[in-house]
Amino acid sequence: MTPRTHLVIRPSILYFGTPVVLLTTENADGTCNLAPVSSAWALGQHLVLGLGSESHTVRNLAERPELVINVASPELWEHVERLAPLTGADPVPEAKRPVYRHERDKFAAAGLTPAAADLVRPPRVAECALQLEARARALTPGGAGHFVTAECEVLRVHAAERIVVPGTQHIDPAAWSPLIYNFRHYHALAPEVGHGFRSETARTAV
Ligand SMILES: Cc1cc2nc3c(=O)[nH]c(=O)nc-3n(C[C@H](O)[C@H](O)[C@H](O)COP(=O)(O)O)c2cc1C
C-alpha cells in the first residue's frame with residue numbers, strides 16, 4: 001500500500017508565492033491609481049496580469065491602456081500592505097465594501113513617491129528598483145466574470161543601477177530580489193540553490 005503523504009484539502013486561497021507588483025494606471029480625471037497585484041508573470045517582452053474584474057485598475061485599463069508595472073522588493077512590504085485595504089473605485093463596489101475603502105491618493109496613503117515615466121502617462125514608483133512601462137494589448141474576461149486577464153506589452157524597462165551587471169543589459173540576480181506573496185504572508189527570496197543552463201549572469205567559482 002502507498003504510504004499516505006498528502007491530505008486532500010480545500011484552501012480558501014491558492015496564493016502559492018508569486019512576486020508583488022504595484023500597477024499604476026490613469027484615472028478618468030488624469031490622476032493616477034496604484035494597486036498591488038501578485039498574479040503576474042512574464043512571457044518574452046509581455047507580462048500577463050490576473051485582475052479582479054471589479055478592480056478600478058481594470059476599469060482604467062479598459063479606457064486608458066497605459067500602465068507601469070512596478071516590481072516591489074522585500075523592504076517595501078509595509079508600504080504594499082498599507083495599500084491592501086484600498087481601492088481607487090468610488091463608490092466601492094458592493095462586494096468589496098466589507099473589507100475595502102476608497103482612497104484617491106494611494107501614493108500618499110502608501111508613503112511612496114511618483115516619478116514621471118518616459119513613454120506612458122501613469123507614473124513609476126520611485127522606490128521600486130524595477131519599473132516596466134507597458135501598454136495593455138488585450139483584456140480577456142474569465143472565471144465566470146470574476147477576473148480579467150490583461151496581456152501587457154513592455155515598452156521600456158527602468159532598473160536601479162545597483163541591480164544591473166555593470167556594462168551589460170542584465171539584471172544581477174544576486175543583487176535583485178522580488179517581494180513574494182505567499183498565502184497572504186510576505187517573503188523575501190531564500191539564498192540561491194542553482195542557476196538555469198541559459199543564465200547570462202552565472203558567476204564562475206573562484
Ligand atoms: C499583496 C497583494 C496581492 C494582490 N494580488 C492581487 C491580484 O493578483 N489580482 C487582483 O485583482 N487583486 C490583487 N490584490 C487585491 C487588490 O490590490 C485590491 O483588489 C485592490 O482594491 C485593487 O485596487 P483598485 O481597485 O484600485 O484597482 C492583491 C492585494 C495585495 C495586498
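Start at 1 and go down the list; that is how both ligands and their atoms are numbered. For reference, positions follow the sequence shown, starting with 1.
- Contact of the Asn33 side chain with the Lys106 side chain is registered, since non-hydrogen atoms from C-beta on lie closer than 4.5 Å.
- The Gly52 neighbourhood of ligand 1 comprises atoms 10 (C), 11 (O), with distances under 4.0 Å to a heavy atom of that residue.
- What sits closest to atom 24 (P) of ligand 1 on the protein, heavy atoms only, is His56 N, 3.5 Å.
- Residues Thr87 and Ser55 form no side-chain contact, since every pair of their non-hydrogen atoms from C-beta on lies 4.5 Å or further apart.
- Residue Asn33 approaches ligand 1 through these ligand atoms, each under 4.0 Å from one of its heavy atoms: 24 (P), 26 (O), 27 (O).
- Each of Leu23, Val80, Thr57 was scored for a side-chain contact (heavy atoms from CB on, under 4.5 Å) with Pro36, with one residue passing: Val80.
- Residue Glu81 places no N or O, backbone or side chain, under 3.5 Å from any N or O of ligand 1.
- Checking each of Val71, Leu76, Leu179 against Cys128 for a side-chain contact (heavy atoms from CB on, under 4.5 Å) leaves exactly one that passes, namely Leu76.
- Protein heavy atom in closest approach to atom 16 (C) of ligand 1: Pro36 O, 3.6 Å.
- Residue Tyr186 places a heavy atom under 4.0 Å from ligand 1.
- Proximity of Lys96 to ligand 1 is established by a heavy-atom distance of less than 4.0 Å.
- Taking a cut-off of under 4.0 Å to the non-hydrogen atoms of Gly88, the atoms of ligand 1 that pass are 24 (P), 25 (O), 26 (O).
- The closest protein non-hydrogen atom to atom 5 (N) of ligand 1 is Ser38 N, 2.9 Å.
- Among Arg59, Lys106, His185, the residue whose heavy atom lies closest to atom 23 (O) of ligand 1 is Lys106.
- Applying the 4.0 Å criterion to heavy atoms of Ser55 picks out, from ligand 1, the atoms 25 (O), 27 (O).
- Val68 has its side chain out of reach of Val125: every pair of non-hydrogen atoms, C-beta onward, lies at least 4.5 Å apart.
- Close approach of ligand 1 to Leu51 is summarised as follows: ligand atoms under 4.0 Å from at least one heavy atom of the residue are 11 (O).
- Taking 4.5 Å as the limit, every side-chain heavy atom of Thr140 sits out of range of all side-chain heavy atoms of Val148.
- Taking atom 2 (C) of ligand 1 as the reference point, the nearest protein heavy-atom neighbour is Tyr181 CE2, 3.7 Å.
- In terms of protein heavy-atom proximity, atom 25 (O) of ligand 1 is nearest to Thr87 OG1, 2.6 Å.
- Only backbone heavy atoms of Leu86 (N, CA, C or O) come within less than 4.0 Å of ligand 1; its side chain stays farther off.
- Neither the backbone nor the side chain of Phe147 comes within 4.0 Å of ligand 1, counting heavy atoms alone.
- Ile13 has its side chain within reach of Phe183: a pair of non-hydrogen atoms, C-beta onward, lies under 4.5 Å apart.
- Arg104 places a side-chain heavy atom less than 4.5 Å from the side chain of His102.
- Considering both main-chain and side-chain atoms, Leu34 never comes within under 3.5 Å of ligand 1 through any nitrogen or oxygen pair.
- Put simply, the side chain of Leu132 reaches to within 4.5 Å of the side chain of Val157, judged on heavy atoms.
- In summary, of the residues considered (Glu63, Arg59, Arg64, His56), a side chain to side chain donor-acceptor pair (under 3.5 Å) with Asn27 occurs for His56 alone.
- With Ala35, Ser53, Gly50, Pro19 as candidates, the residue nearest to atom 9 (N) of ligand 1 on a non-hydrogen basis is Gly50.
- Residues Glu127 and Thr113 have side chains that bring a donor and an acceptor to within less than 3.5 angstrom of each other.
- Put simply, the side chain of Asp118 reaches to within 4.5 Å of the side chain of His158, judged on heavy atoms.
- Ranking the protein heavy atoms by distance from atom 27 (O) of ligand 1 puts Thr57 OG1, 2.6 Å first.
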